[in-house]
2 protein chains.
Amino acid sequence: MPDALRKFKATIFQALAHPTRIAILETLRGGELPVSIIIERLMLEPANASQHFAVLRAKHIVTRRKAGSQVYYSVRDPLILEVLDIMRRYFQVHLEESLSLLKEAEREETERILMTTVCT
Amino acid sequence: MPDALRKFKATIFQALAHPTRIAILETLRGGELPVSIIIERLMLEPANASQHFAVLRAKHIVTRRKAGSQVYYSVRDPLILEVLDIMRRYFQVHLEESLSLLKEAEREETERILMTTVCT
DNA sequence: TTCGCAATTGCGAAAGTCCTAAAATAAGGT
DNA sequence: ACCTTATTTTAGGACTTTCGCAATTGCGAA
């Protein structure tokens with residue numbers, strides 16, 4: 001079942017493939033935190049944050065604990081944080097390409113905005 | 001620029017978030033290989049494979065070398081393979097949940113197929 | 001040049017992701 | 001019971017991803 005395993009890995013990567021979710025996981029690096037704090041620190045819309053939590057929950061990447069009126073999240077396995085760490089090293093090593101990639105993404109975004117603006 | 005860094009990480013994860021691309025990278029673990037061999041080993045449609053190569057190239061995850069009529073690909077930085085390794089450990093540790101996740105995905109897929117079959 | 005193989009590219013349909021805004025749920029306090 | 005706060009869910013529309021198929025490019029051989 002090597003292909004099934006790859007499918008599994010792919011779904012985990014998919015769950016990690018969003019800046020907000022990465023930010024959430026990094027915020028949880030120090031341990032469990034309530035939603036309110038995470039939202040405040042990252043300046044997120046509650047609804048939006050909750051959707052990202054749902055994605056992370058669906059893949060069992062985070063654990064949810066309810067205490068009173070607040071909900072606490074934590075990273076289930078530090079291995080996930082290790083993956084994030086390796087990515088940081090990767091970023092540092094490829095600093096140059098990384099930056100050009102980022103610039104490219106930005107450029108594309110402004111282009112897109114221009115396009116939609118023009119076409120409206 | 002912590003958010004820019006997260007965006008960068010996210011795009012790399014996005015590139016890894018597909019079973020076929022994971023399979024390609026694992027096939028390249030031993031070093032450079034021509035497209036023809038990769039396609040053969042993984043039983044891929046050439047066009048489809050090429051699209052996945054394009055994704056990996058766009059993120060600078062693989063390097064392309066042309067020799068005669070053949071094209072060779074290789075993984076640019078073994079750090080990427082390390083990420084894959086960690087994911088394998090992650091899979092082993094969470095074997096139980098992983099399997100249920102896989103089953104769930106399968107079930108959804110068969111449901112989808114049933115639905116489309118019924119609705120046609 | 002012309003043929004044939006290797007690999008890529010372009011295109012349209014189907015499915016998936018993401019965001020915002022509105023509505024729903026849950027728990028506590030008055 | 002009612003109101004407020006915390007969090008989640010739903011619904012919609014915009015955008016992106018993926019696939020298969022057809023068309024195209026690049027290169028070596030005849």
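For clarity, every value in this text was computed on a predicted model and none was experimentally measured. In what follows, chains carry the letters A, B, and so on, assigned in the order in which the sequence lines appear, proteins first and then strands, with residues in each chain numbered from 1.
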Pick the closest DNA chain C nucleotide for A:Val55 and for A:Ala67 by heavy atoms, then say which residue is nearer the 5' end.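 Residue closer to the 5' terminus by nearest nucleotide: A:Val55.
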Separation of [N] [atom2] from [X] [atom1] (nearest whole Å):
X	N	atom1	atom2	result
B:Phe13	C:dC18	CZ	P	14 Å
A:Gln70	D:dT4	CD	C1'	14 Å
B:Leu44	D:dG20	CG	P	10 Å
A:Arg21	C:dT17	CZ	C1'	8 Å
A:His18	D:dT17	NE2	P	12 Å
A:Phe53	C:dC18	CZ	C1'	16 Å

Side chain of A:Ser50 (C-beta onward), nearest among C:dA7, D:dT8, C:dT9: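 Closest nucleotide among those given: D:dT8.
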Between C:dT8, D:dC27, D:dT7, which nucleotide gets closest to the side-chain atoms of A:Val71?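 So the side chain of A:Val71 is nearest to D:dT7.
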Just checking B:His18 against B:His52, ring centres under 6.0 Å apart?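 Aromatic pair counts; centres sit under 6.0 Å.
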A:Glu82 and B:Tyr90: CA distance, side-chain angles, deciding distance, side-chain contact (heavy atoms from CB on, under 4.5 Å) verdict: CA-CA 10 Å; A:Glu82 251 186 73; B:Tyr90 184 85; over 6 Å; no
Could you go through residues 29-38 of chain A and list every donor-acceptor pair under 3.5 Å that involves a side-chain atom there, pairing it with any protein atom two or more places apart or in another chain?
from	atom 1	to	atom 2	distance (Å)
A:Arg29	NH1	A:Asp85	OD1	3.2
A:Arg29	NH2	A:Asp85	OD1	3.1
A:Glu32	OE1	A:Arg65	NH2	2.9
A:Glu32	OE2	A:Arg65	NE	2.7
A:Ser36	OG	A:Gln70	NE2	3.0

Using the side-chain contact (heavy atoms from CB on, under 4.5 Å) rule, take B:Leu56 and B:Ile24 through it: C-alpha gap first, then chi angles, then the decisive distance, then the call. CA-CA 10 Å; B:Leu56 293 172; B:Ile24 289 172; 4.1 Å; yes
How do B:Gln14 and A:Ala54 order along DNA chain D: which one's closest nucleotide is nearer the 5' end?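 The residue closer to the strand's 5' end, by nearest nucleotide, is A:Ala54.
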Partner of D:dA30 by Watson-Crick or G-U wobble geometry, both contacts under 3.5 Å, or none?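 Looking at the geometry, D:dA30 pairs with C:dT1.
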Would a 4.5 Å heavy-atom cut-off, applied to side chains only, mark A:Leu25 and A:Val62 as touching?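 Of all side-chain heavy-atom pairs linking A:Val62 with A:Leu25, at least one is under 4.5 Å.
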Is [X] close enough to [N] that one of its side-chain N or O atoms is under 4.0 Å from OP1 or OP2 there?
X	N	value
A:His52	C:dT17	no
A:Ser69	C:dA27	no
A:Tyr72	D:dT7	no
B:Arg64	C:dA7	no

Main-chain N/O of B:Pro46 paired with B:Ser50 side-chain donor or acceptor, under 3.5 Å: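 No.
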Derivation of the salt bridge (charged side-chain N to carboxylate O under 4.0 Å, His left out) call for B:Glu26 and A:Lys9: CA-CA 12 Å; B:Glu26 286 178 347; A:Lys9 286 185 188 174; 2.8 Å; yes
What N/O pairs connect the protein and nucleotides 20-25 of chain C at under 3.5 Å? Give each pair on its own line.
from	atom 1	to	atom 2	distance (Å)
C:dT20	O4	A:Gln51	NE2	3.1

